[in-house]
2 protein chains.
Amino acid sequence: MDTIPKKTFFNLDSEKQQRITDAALNEFALRSYEEANISNIIKDAKIPRGSFYQYFENKLDLYKYVFDYIKEKKMNFLGNDLKNIDDLPFLEIFRLLYHQGVKFSYTYPLFVQIGKHMFNLKKDMYDELVGNGLKLAKEYYVGYLEADKLKGRIREDVDSSIFADIVIELTTNIALEGFLESDIDLDKMVSKADSLINIFKKGIEKGDLNV
Amino acid sequence: MDTIPKKTFFNLDSEKQQRITDAALNEFALRSYEEANISNIIKDAKIPRGSFYQYFENKLDLYKYVFDYIKEKKMNFLGNDLKNIDDLPFLEIFRLLYHQGVKFSYTYPLFVQIGKHMFNLKKDMYDELVGNGLKLAKEYYVGYLEADKLKGRIREDVDSSIFADIVIELTTNIALEGFLESDIDLDKMVSKADSLINIFKKGIEKGDLNV
DNA sequence: TGATAATGTGACAAGGTAGTCATATAGGAG
DNA sequence: CTCCTATATGACTACCTTGTCACATTATCA
């Protein structure tokens with residue numbers, strides 16, 4: 001409850017709030033946190049300099065707000081799909097999440113750009129904002145993988161921690177990469193995900209009996 | 001042969017060249033291209049401002065020089081191992097490259113930082129500097145994978161292009177991630193790679209006969 | 001209506017950066 | 001030794017950015 005934005009921001013009529021939010025999203029999509037500059041944002045949002053500092057302490061304050069804004073959008077987007085999961089195998093959960101993740105990126109291309117810049121935050125800030133989320137995701141994945149092992153779905157010699165890392169890496173990065181190309185094809189990305197999952201299932205090697 | 005540094009730079013005695021190179025490496029490791037600033041570099045290298053502009057056109061010129069410097073170091077590092085490759089399966093080549101890549105990152109931690117910042121270059125610049133290398137790597141991988149398919153080593157339904165993407169993604173990123181943790185353990189990273197390769201070989205699913 | 005609090009506003013100070021340029025110095029050729 | 005060229009140097013210009021602050025405007029409530 002530190003400073004993230006001052007209450008004055010939320011007192012604004014929603015049109016103005018949105019104008020400012022959009023301007024900030026645009027700026028942080030175009031430039032990294034360090035490069036982003038407030039002058040562009042206030043020009044875009046058509047508010048005077050002084051007003052900006054009435055709504056936000058400084059650039060960090062604004063960035064945290066934007067980060068939370070995106071996080072909430074994503075939660076809403078993924079939330080619904082995570083409800084009716086009975087006892088799917090890990091890779092089917094992954095498929096669901098991946099598909100929804102792709103759709104999310106497709107729906108909010110700006111957020112993809114902002115996400116890309118996030119990798120360049122200074123370590124402290126990255127850890128504060130992103131680190132915990134990734135840690136939770138990994139714990140969730142590892143737990144799920146271990147459970148699947150007990151159910152005899154996954155080979156015992158598969159290292160859950162490493163596989164979880166791979167999965168996280170690919171969901172956070174490859175999905176982003178796909179959206180940097182000029183021709184974004186949703187179906188193609190989804191089918192790519194399916195090929196990927198198939199590789200994870202069976203491996204690439206031919207003619208072996210898995211033990 | 002544009003501008004990359006002016007010949008005056010190479011006329012300097014090697015101690016001064018190295019001082020400047022080191023200062024630049026440090027700055028680009030600490031800050032992204034856009035954030036990096038020349039004042040820090042000349043202060044570090046203990047050269048006057050005017051001299052800097054006698055050696056380099058501008059920041060971009062310097063950055064390209066640094067990029068080439070790193071590329072050459074890496075080529076030398078990997079080059080030797082790529083010589084005596086007879087007819088190894090793809091994943092064994094990958095294992096070799098991964099192991100050497102890990103050692104390289106371990107040897108030059110500064111380069112890892114610089115590499116991380118590379119993902120935030122503006123698209124044009126990224127494509128110019130990095131894009132072609134990745135394209136070549138992918139072509140090489142895809143060719144190798146297809147050849148292995150013909151030799152009956154890899155299942156026909158594995159999508160070579162997608163698998164190549166995964167492999168590139170993991171080599172460019174996961175390797176970097178490992179080095180951001182405070183406790184760098186070479187053996188641990190190598191054994192992680194081996195687990196990873198094992199997953200790629202057999203997949204994670206239990207009890208199926210691969211066709 | 002009048003007073004008090006909240007918010008809007010933009011000029012401004014303080015600080016920092018890139019690249020230039022006039023001048024000083026050193027090096028080399030004849 | 002002298003002239004000419006290459007290099008060294010740092011003060012300086014032009015520019016940009018952040019955050020502040022005194023003052024203007026609007027809302028709230030008695």
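Please read these numbers as outputs of a predicted model, since none were measured by experiment. Within every chain, numbering begins at 1; the chains are lettered A, B, ... in the order of the sequence lines, protein sequences first and strands thereafter.
In this structure, A:Phe52 places its CZ atom 19 Å from P of C:dA11, rounding to the nearest Å. Put simply, NZ on A:Lys46 is 18 Å from C1' on C:dG8, counting in whole angstrom units. D:dG19 atom P lies 11 Å from atom CD1 of A:Ile42, rounded to whole Å. Atom pair B:Asp61:CG and C:dA18:P shows a separation of 15 Å (rounding to whole Å applied). Across the protein-nucleic acid pair, B:Leu12 atom CG and C:dA26 atom C1' stand 14 Å apart, rounded to whole Å. Atom P of nucleotide D:dT18 and atom CG of A:Leu60 are separated by 14 Å, given to the nearest angstrom. Across the protein-nucleic acid pair, A:Asn11 atom CG and C:dA6 atom P stand 11 Å apart, rounded to whole Å. Whole-Å rounding puts the B:Asn58 CG to C:dT20 C1' distance at 13 Å.
With respect to A:Phe163, the ring-ring contact (aromatic ring centres under 6.0 Å, His included) criterion is satisfied by exactly one of A:Phe200, A:Tyr141, A:Phe94, A:Tyr144: A:Phe200.
Here the nucleotide nearest the side chain of B:Thr8, chosen from D:dG10, D:dG19, D:dT7, is D:dT7. Closest to the A:Tyr53 side chain, of the nucleotides C:dT9, D:dG10, D:dG19, is D:dG19.
Both tests hold for A:Lys59 against A:Tyr33: distance to the six-membered ring centre under 6.0 Å, angle to the ring axis within 45°.
Nearest-nucleotide positions on DNA chain D place A:Asn40 closer to the 5' end than the other of A:Gly50 and A:Asn40.
Comment: A:Arg31 does not engage B:Glu35 in a salt bridge, judged by the lack of any side-chain N to carboxylate O separation of less than 4.0 angstrom.
Among the protein residues, B:Ser39 comes within range of the sugar-phosphate backbone only, with heavy atoms under 4.0 Å from sugar or phosphate atoms but none that close to a base.
Ring centers of A:Tyr55 and A:Phe10: at least 6.0 Å apart, outside the cut-off.
One N or O donor and one acceptor, one from the side chain of B:Arg49 and one from the base of C:dA18, sit under 3.5 Å apart.
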